[in-house]
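Each remark here refers to the structure printed beneath this line.
Bear in mind the structure is a predicted one, so any value in this text is a computation, not a measurement. Note: hydrogens, waters and symmetry copies are ignored here, and every other heavy atom, side chains too, is used.
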Amino acid sequence: MIRWLWFGLGWVMVALGLIGALLPVMPTTIFLILAMWCFSKSSPRFEAWLLQHPRYGHVLRLWREQGAVSRKGKGFAAAGMALGYVLFFIGAHPNWKLAVGVGLFFIASAAYVLSRPSPRPLAADSEQP
């Protein structure tokens, strides 16, 4: 029963990642990382599918093996969070407490992403001539 819940949640995360790939202000990679984690608890087949994906597999393997985020990924993540905050602020007209709370959440999230190590070559990458 629990395995099926992880499996279903994995597909929800894949769907959110797909939406994120189409919408510039929504993240993609974090949802795919979460999907990979859910599939690791429910379906080795779909976990492997994500890890071997032609576009996102390399990023997911870097995260799994090293907890690493590329410089480009860090830049896009920080810029996306900044844009997301500006759109939130303009669109929602929040009171100052909500604006500060959401701002602190974005700052903490950006600090976490920016503090991740840069990738080292993966074992499979270093074996290639």
Side-chain angles (χ1 to χ4, degrees):
M1 173 68 170
I2 296 294
R3 184 174 160 255
W4 287 105
L5 290 173
W6 285 124
F7 186 73
L9 188 58
W11 280 109
V12 168
M13 294 299 126
V14 168
L16 290 171
L18 179 61
I19 292 167
L22 301 173
L23 296 177
V25 295
M26 189 169 163
T28 301
T29 307
I30 187 63
F31 290 116
L32 296 180
I33 289 170
L34 291 169
M36 178 181 63
W37 186 76
C38 290
F39 288 144
S40 76
K41 299 187 167 306
S42 62
S43 174
R45 177 177 158 214
F46 286 108
E47 178 189 21
W49 171 71
L50 281 175
L51 289 169
Q52 298 305 316
H53 191 275
R55 180 169 176 101
Y56 298 106
H58 180 73
V59 173
L60 296 174
R61 288 189 306 275
L62 283 175
W63 179 259
R64 165 161 291 162
E65 295 173 15
Q66 302 177 21
V69 178
S70 70
R71 221 178 250 193
K72 182 179 173 183
K74 290 175 187 180
F76 275 115
M81 287 183 237
L83 177 62
Y85 183 79
V86 168
L87 292 175
F88 158 75
F89 193 82
I90 292 170
H93 304 291
N95 65 44
W96 73 270
K97 289 180 184 178
L98 182 59
V100 168
V102 170
L104 289 173
F105 174 78
F106 274 120
I107 289 169
S109 299
Y112 177 76
V113 170
L114 295 173
S115 72
R116 299 299 87 207
S118 294
R120 298 178 317 273
L122 293 173
D125 294 342
S126 62
E127 292 174 7
Q128 296 175 354

Query raised in the report: Should Leu34 and Trp4 be regarded as members of a common hydrophobic cluster, given that ILVMFWY residues are connected when their side-chain heavy atoms come within less than 4.5 Å of each other, either directly or indirectly?
Result: no

Query raised in the report: Is a side-chain donor or acceptor of His93 paired with a backbone partner of Ile90 at a separation under 3.5 angstrom?
Result: yes

With a 3.5 Å cut-off and sequence neighbours excluded, list the donor-acceptor pairs that the side chains of residues 73-80 form with protein atoms.
from: Lys74; atom 1: NZ; to: Arg116; atom 2: O; distance (Å): 2.6

Query raised in the report: What's the shortest heavy-atom distance between Met81 and Ala110, and which atoms?
Result: SD-N, 3.6 Å

**Report entry** Single-linkage hydrophobic cluster, 4.5 Å side-chain cutoff, Val59 and Ile30 together
**Finding:** no

Report task. Kindly give the heavy-atom pair with the smallest separation between Ala68 and Ser118, and that separation in Å. Result -> CB-C, 4.0 Å

Report task. Would you indicate whether the side-chain heavy atoms of Met36 and Leu51 approach each other to under 4.5 Å? Result -> yes

Query raised in the report: Rounded to the nearest 0.5 Å, how far does CD1 of Ile2 lie from OG of Ser42?
Result: 11.5 Å

Report task. Starting from the C-alpha separation in whole Å, work towards a yes-or-no answer on side chain to side chain contact (heavy atoms under 4.5 Å, CB included) for Arg3 and Lys41. Result -> CA-CA 7 Å; Arg3 184 174 160 255; Lys41 299 187 167 306; over 6 Å; no

Query raised in the report: Is there a salt bridge (Lys or Arg N to Asp or Glu O under 4.0 Å) between Arg64 and Glu47 once you walk through the steps?
Result: CA-CA 11 Å; Arg64 165 161 291 162; Glu47 178 189 21; 2.6 Å; yes

Query raised in the report: Minimum heavy-atom separation for Pro119 to Ser70, with atom names?
Result: CD-CA, 3.8 Å

Requested in this report: With rounding to the nearest 0.5 Å, note down the distance linking CG in Leu5 to CE in Met1.
Outcome: 5.0 Å

Requested in this report: Any pair with a residue in residues 84-101 that passes salt bridge (charged side-chain N to carboxylate O under 4.0 Å, His left out), sequence neighbours left out, goes on the list, sorted by first then second residue, please.
Outcome: none

Query raised in the report: When hydrophobic residues are tied together by side-chain contacts of less than 4.5 Å, even through go-betweens, does Leu83 share a cluster with Phe106?
Result: no

Report task. Scan for ring-ring contact (aromatic ring centres under 6.0 Å, His included) pairs involving residues 19-55, sequence neighbours excluded, and state none if there are none. Result -> Trp6-Trp37, Phe7-Phe39, Phe7-Phe46, Trp11-Phe39, Trp11-Phe46, Trp11-Trp49, Phe39-Phe46, His53-Tyr56

Query raised in the report: Under a 4.5 Å side-chain heavy-atom rule over Ile, Leu, Val, Met, Phe, Trp and Tyr, are Leu98 and Phe105 clustered together?
Result: no

Report task. Following the transitive rule for hydrophobic clusters with a side-chain heavy-atom cut-off under 4.5 Å over Ile, Leu, Val, Met, Phe, Trp and Tyr, establish whether Leu23 and Leu18 coincide in one cluster. Result -> no

Report summary line: Here the pair of heavy atoms bringing Tyr85 nearest to Ala99 is OH-O, 3.0 Å

**Report entry** Heavy-atom side-chain contact between Leu32 and Thr28 under 4.5 Å
**Finding:** yes

